[in-house]
Engineer: 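Structure in structure tokens, see below.
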Amino acid sequence: MERIPMNHLIPSQHGRQDDPIFALNREATRQREKGDAVINATLGALLDDDGKLAVLPTAARVVHEVKTVDWATYAPIAGNPDFLRAVIAEAFAEAHELRETAVASATPGGSGALHHAITNFLDPGQSLLTSSFYWGPYQTIADAAGRGIATFRMFDGAGKLDLEDLDRRMGEQIRAQGRALVFINDPCHNPTGYSMRPGEWDQLMGVLVRQAERAPVALLLDMAYAAYGSKSPRALVKQLTPLLGKVLVLVAWTASKTFTHYGLRVGALLACTPDDQERAEIGNALTYASRGTWSNCNRGGQTAITRLLTDPALAEACDAERAKLRLMLQGRVEAFNAAAAARGLRFPPYEGGFFVTVFHGDPEAKAAKMRQQGVFVVPQVGPEANGLRVGLCAVAERDIVRLVDALA
């Protein structure tokens, strides 16, 4: 009897592919291992000028000092209480009202925080709203959770954040789904490197408050790269205080970049609301969602990060070590800005952070041509978001001119 061919994978999971950024990184790594002179500007990990992962020595030492029992024991589903208190205190150090109205849940890195925001503040079939240039895994996380993604045009004709288009797209979403969840990646936006100006923040909050009069609105602030910007991330968060009680304030917090321990997978989602009952319900919902996905997060990692956040001497040491890395990165930013401007490349204002985007009409073809030269960048394709993401976090300053020549 002839066997009938069967495909056990459900239809919605057919055609899945590997993450394109990690795939490009593997290709670049293989070429480098063959001895080719490769510039790999794909992954979001900070490397020193010798191509080695830049790790804060104090953070590494504290991780190794965590006792075996802390690594081996389950963490509470919501996260270690000391860790949650430390993250809230760190994120809202200059924002007393936000700190006093916050609830937090531990997540596996910032990606886990994004997942929890999407699955707890959008119904299946609904879409989050973010800028037209965005980190690709936003789409992956939303799609895997049965949600979608919609965008507003990030830059207007003058190269400024297009808040008029945000307002219009928010209105469309509220009419279509009765709520809005807006993802804003700032400062040091991934992938463009753009950091919003104070006036833009004021206008953004005006749009959010106005739209929140019609339906529930939540703002998710993704601050993954804030520690490497030119301005204080704590001062930025403080600007969100006027939203309290009008817009749900969510913060995706991660230790990955701030403490250079990407594989530790320590993060948290913070939610701020002055309504005690809503805050308790959100906390319960986040804990329930954790149990239904990853169950518990890394207890040893939470223990280490708690020490780094709460011990003044350790925090000061990390700040000093991070300042050196920020100075190294800033040298690359300044070298890129000078070389790219001289070659006539088009890119947003770029003051700091891991990435910058060079605008290009045919990014996939351009990226393929660059790979033939041993230069790897990430193509971005979209109706309002064609460009090449360049990870200067992984490019030595001496290689900037060669990188810019390939881009030009």
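The first residue in the sequence is number 1, and the count goes up from there. Values in this document were obtained by computation on a predicted structure and should not be read as measured data.
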Engineer: Quick one: are M370 and L407 in side-chain contact, heavy atoms under 4.5 Å?
Structural biologist: yes
Engineer: Just by modelled atom types, is the R265 backbone N or O under 3.5 Å from a matching donor or acceptor in the N298 side chain?
Structural biologist: no
Engineer: Measuring only between side-chain heavy atoms, which start at C-beta, is N120 closer than 4.5 Å to I282?
Structural biologist: no
Engineer: Show the nearest heavy-atom pair for residues H116 and F121, with the distance to one decimal.
Structural biologist: O-CD1, 4.3 Å
Engineer: Are V404 and V358 close enough that some pair of their side-chain heavy atoms sits under 4.5 Å apart?
Structural biologist: no
Engineer: Around R291, counting heavy atoms of other residues, nucleotides and ligands shown, do more than 12 lie under 6.0 Å from its CZ?
Structural biologist: no
Engineer: Could you check N7 against H14 for side-chain contact (heavy atoms from CB on, under 4.5 Å), going step by step and ending with a plain yes or no?
Structural biologist: CA-CA 10 Å; N7 192 324; H14 289 187; 3.6 Å; yes
Engineer: Are H96 and R99 close enough that a side-chain donor and a side-chain acceptor fall under 3.5 Å?
Structural biologist: yes
Engineer: For Q13 and I10, indicate whether the former's side chain and the latter's backbone hold a donor-acceptor pair under 3.5 Å.
Structural biologist: no
Engineer: Looking at R16 and D143, does any basic side-chain N land under 4.0 Å from a carboxylate oxygen?
Structural biologist: yes
Engineer: Starting from the C-alpha separation in whole Å, work towards a yes-or-no answer on side-chain contact (heavy atoms from CB on, under 4.5 Å) for L166 and L129.
Structural biologist: CA-CA 9 Å; L166 168 64; L129 181 64; 3.7 Å; yes
Engineer: What is the minimum heavy-atom distance between P191 and R389, and which atoms define it?
Structural biologist: CB-CD, 3.3 Å
Engineer: When you compare the side chain of Q302 with that of I305, does any pair of heavy atoms fall below 4.5 Å?
Structural biologist: no
Engineer: Taking all non-hydrogen atoms of both residues into account, name the closest pair between A268 and T107 and its distance.
Structural biologist: N-OG1, 3.1 Å
Engineer: T101 side chain to L98 main-chain N or O, any donor-acceptor pair under 3.5 Å?
Structural biologist: yes
Engineer: Does any non-hydrogen side-chain atom of L309 lie less than 4.5 Å from one of V87?
Structural biologist: yes
Engineer: For the residue pair E384 / T151, report whether a side-chain donor-acceptor contact shorter than 3.5 Å exists.
Structural biologist: no
Engineer: Could you check whether any side-chain N or O of D162 sits under 3.5 Å from a backbone N or O of D165, counting only pairs where one atom can act as donor and the other as acceptor?
Structural biologist: yes
Engineer: Regarding D405 and R402, does a basic nitrogen lie under 4.0 Å from an acidic carboxylate oxygen?
Structural biologist: no
Engineer: What about the rings of Y194 and F133, do their centers lie closer together than 6.0 Å?
Structural biologist: no
Engineer: Check the pair F347, L388 against side-chain contact (heavy atoms from CB on, under 4.5 Å), reporting the backbone distance first and the verdict last.
Structural biologist: CA-CA 10 Å; F347 57 98; L388 300 152; over 6 Å; no
Engineer: Can a donor-acceptor pair be found, under 3.5 Å and without considering hydrogens, that links the side chain of D36 to the backbone of V38?
Structural biologist: no
Engineer: Between F259 and W253, how do the two ring planes meet: parallel, tilted or perpendicular, split at 30° and 60°?
Structural biologist: tilted
Engineer: Take N40 and T42 through the side-chain hydrogen bond (donor to acceptor under 3.5 Å, both in side chains) test and state the conclusion after the steps.
Structural biologist: CA-CA 6 Å; N40 182 4; T42 59; 2.6 Å; yes
Engineer: Measure the acute angle between the ring planes of F336 and Y350, then classify it against the limits of 30° and 60° as parallel, tilted or perpendicular.
Structural biologist: perpendicular
Engineer: Do M170 and V217 have side-chain heavy atoms sitting under 4.5 Å apart?
Structural biologist: yes
Engineer: Give the minimum heavy-atom separation between A212 and V247, together with the two atoms involved.
Structural biologist: CB-CG2, 3.8 Å
Engineer: Return the minimal non-hydrogen interatomic distance between T357 and P348, and the atom names on each side.
Structural biologist: O-CD, 3.2 Å
Engineer: Is E97 atom CD crowded by more than 12 heavy atoms from other residues, nucleotides or ligands, each under 6.0 Å away?
Structural biologist: no
Engineer: For A145, is there any backbone N or O sitting under 3.5 Å from a side-chain donor or acceptor partner on R147?
Structural biologist: yes
Engineer: For the backbone of A255 and the side chain of T258, can you confirm whether one donor and one acceptor N or O come within less than 3.5 Å of each other?
Structural biologist: no
Engineer: With distance as the sole test, does Q139 use its side chain to make a donor-acceptor pair with the main-chain N or O of I149 at under 3.5 Å?
Structural biologist: no
Engineer: Classify the ring geometry of Y138 against Y134: parallel below 30°, tilted from 30° to 60°, perpendicular beyond 60°.
Structural biologist: parallel
Engineer: Would you check if L24 and P379 make a side-chain contact, meaning some heavy-atom pair closer than 4.5 Å?
Structural biologist: yes
Engineer: Using atom types as modelled and distance alone, determine if a side-chain donor or acceptor of N386 lies under 3.5 Å from a backbone N or O of G382.
Structural biologist: yes
Engineer: I'd like to know if D49 pairs up with R332 as an ion pair, taking the criterion as any Lys NZ or Arg NE/NH1/NH2 lying under 4.0 Å from an Asp or Glu carboxylate oxygen.
Structural biologist: yes
Engineer: Could you please spell out the steps behind the side-chain hydrogen bond (donor to acceptor under 3.5 Å, both in side chains) verdict for E351 and S195?
Structural biologist: CA-CA 8 Å; E351 298 172 353; S195 293; 5.1 Å; no
Engineer: Can you name the nearest heavy-atom pair linking R299 to T73, along with the distance?
Structural biologist: CD-O, 3.2 Å
Engineer: Counting only heavy atoms not in E316, do more than 12 fall under 6.0 Å of its CD?
Structural biologist: no
Engineer: Indicate yes or no: at least one non-hydrogen side-chain atom of W135 is less than 4.5 angstrom from one of T130.
Structural biologist: no
Engineer: With under 30° as parallel and over 60° as perpendicular, where do the rings of F355 and Y225 fit, or are they tilted in between?
Structural biologist: perpendicular
Engineer: Please lay out, stage by stage, how E164 and R168 fare under the test salt bridge (Lys or Arg N to Asp or Glu O under 4.0 Å).
Structural biologist: CA-CA 6 Å; E164 288 187 9; R168 182 174 66 83; over 6 Å; no
Engineer: So, Q177 side chain and Q126 main chain: donor-acceptor pair closer than 3.5 Å or not?
Structural biologist: no
